[in-house]
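First the structure, in the form of structure tokens, and then the observations on it.
Letters A, B, ... are given to chains in the order of the sequence lines, protein chains preceding strands, and every chain is numbered from 1. Not measured: the values here are computed from a predicted model.
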Amino acid sequence: MTIATQPHTILLDEAKPGHEYDVVRRVIEDISENYRDQPSLEELAANAGMSPTALQKLFTRWAGLSPKGFLQAVTLDHARRLLASDLPLLETAYEVGYSGPGRLHDLFVTHEAMSPGEFKARGGGLSMRYGFHICPFGLALVMVTDRGLAGLAFCDPGSEREALADMQGRWPNAHHFEDMGATAPYAARIFDPANWRSDQPLRVVLIGTDFQVSVWNALLKIPMGKAVAYSDIASDIGRPKASRAVGAAVGANPVSFVVPCHRAVGKSGALTGYHWGLTRKRAILGWEAGQLATR
DNA sequence: ATGACTACCAGAT
DNA sequence: ATCTGGTAGTCAT
């Protein structure tokens with residue numbers, strides 16, 4: 001069924017990159033609501049209020065993938081294939097310890113977990129610097145400590161307060177202050193694949209319960225372009241029946257995108273949920289497919 | 001009590 | 001043959 005979208009006129013700032021994702025997001029919503037009847041580029045463009053060629057260009061520049069390609073990349077069948085491919089990969093793939101650097105997540109991440117004591121302190125004695133940055137998926141709220149990246153959240157322009165509250169609530173005892181200068185390099189490093197290099201691994205600090213950390217650790221092992229079922233993660237961490245609890249832990253991941261919680265899907269390949277909005281999950285998955293295709 | 005889960009069964013298409 | 005919806009196990013918060 002087609003939603004009668006108002007002929008919303010975009011008044012200002014159409015060229016700003018932040019608004020680019022706005023357009024893309026609407027198109028993605030459109031696609032995911034109507035993907036069953038294979039909307040044509042013309043229809044999508046009409047709904048978005050722009051010319052087919054303009055949309056084609058914008059979308060492709062954004063995702064590295066045409067709207068059509070994106071449509072396919074986010075399909076159930078596709079997700080199933082990602083799942084089916086090689087499941088043993090979780091067991092074998094990378095050698096990872098809690099401390100040693102390793103090749104994880106094409107982004108190249110070094111991660112360490114905070115001690116249980118530090119976790120219980122709920123951030124006490126920790127300084128968190130934060131900043132908002134435009135990224136391919138809207139606004140990114142980046143939070144860092146002197147030990148590395150501790151938080152990454154998404155939001156749309158206008159809802160910065162909520163995102164910040166959400167994040168700060170996770171470490172209520174920390175000293176939070178804004179410092180875009182400190183966070184900007186992280187944003188640049190994270191969202192531009194050109195900067196994903198092993199010689200400067202991204203330092204990440206995982207702050208959570210033991211169970212959560214083990215789940216996030218498992219997520220870190222999923223390479224780009226692959227997906228894993230919650231139940232697979234459950235088996236991987238040695239609690240085959242805890243898939244539901246795994247879902248909760250995945251959902252609690254404070255470092256979204258970097259810890260690729262978007263690559264966790266239902267056993268059927270269905271995208272079951274995302275703390276920062278299902279549309280965003282689709283966007284990230286589609287964008288990743290585009291990065292792979294362009295590589 | 002509550003889920004970003006699953007396996008399973010009954011109807012419906 | 002498939003899809004949909006409800007149900008009953010499960011387990012860390």
Practice problem: Using ring pair (Phe, Tyr, Trp, His ring centres under 6.0 Å) as the criterion, list what pairs up with A/Tyr230, not counting sequence neighbours. | Solution: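 Testing A/Tyr230 for ring pair (Phe, Tyr, Trp, His ring centres under 6.0 Å), a comparison that skips the adjacent residues, returns none.
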Exercise. For A/Phe211, enumerate each residue passing the ring pair (Phe, Tyr, Trp, His ring centres under 6.0 Å) test, keeping only those at least two apart in sequence or located in another chain.
Key: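 A/Phe211: no ring pair (Phe, Tyr, Trp, His ring centres under 6.0 Å) contacts found.
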Practice problem: Mark yes or no for a side-chain to base donor-acceptor pair under 3.5 Å between A/Tyr274 and B/dA4, with no hydrogen or angle criteria applied. | Solution: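 Check fails, no donor-acceptor contact within cut-off.
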Quiz item: Reading nucleotides 8-13 of chain C from the 5' end, what letters show protein touch, with B for base, S for backbone sugar-phosphate only, - for no heavy atom under 4.0 Å?
Solution: -BBBSS
Atom pair distance, as rounded to whole Å: [atom1] in [X] and [atom2] in [N]:
{"X": "A/Ile237", "N": "B/dC5", "atom1": "CD1", "atom2": "P", "value": "15 Å"}
{"X": "A/Arg80", "N": "C/dC3", "atom1": "CZ", "atom2": "C1'", "value": "11 Å"}
{"X": "A/Lys267", "N": "B/dC5", "atom1": "NZ", "atom2": "P", "value": "14 Å"}

Self-check item: Lys/Arg-Asp/Glu bridge criterion (N-O < 4.0 Å) met for A/Asp30, A/Arg26
Solution: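 Looking at A/Arg26 together with A/Asp30, the answer is no, because their closest N to O distance does not fall below 4.0 Å.
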Quiz item: Should the pair A/Tyr21 and A/Trp62 be assigned to parallel (<30°), tilted (30 to 60°) or perpendicular (>60°) ring geometry?
Solution: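 Plane angle between 30° and 60°, so tilted.
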Quiz item: Do the ring planes of A/Phe177 and A/His175 sit parallel (below 30°), tilted (30 to 60°) or perpendicular (above 60°)?
Solution: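 A/Phe177 vs A/His175 ring planes: tilted.
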Quiz item: When Watson-Crick pairs (N1 to N3 and N6-O4 or O6-N4) and G-U wobble pairs (N1-O2 and O6-N3) count only below 3.5 Å on both distances, what is the dot-bracket string of DNA chain C, with | for other-strand pairs?
Solution: |||||||||.|||
Self-check item: Within residues 239-260 of chain A or reaching into it, pairs that qualify as side-chain hydrogen bond (donor to acceptor under 3.5 Å, both in side chains) - sequence neighbours excluded
Solution: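 Sorted pair list comes back empty.
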Self-check item: All side chain to side chain donor-acceptor pair (under 3.5 Å) counterparts of A/Gln200, not counting sequence neighbours
Solution: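 Partners of A/Gln200 by the side chain to side chain donor-acceptor pair (under 3.5 Å) criterion come out as none, since no residue qualifies.
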Quiz item: Quick one: do the A/Glu43 and A/Ser40 side chains pair a donor with an acceptor below 3.5 Å?
Solution: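 Note: A/Glu43 and A/Ser40 side chains meet the donor-acceptor criterion.
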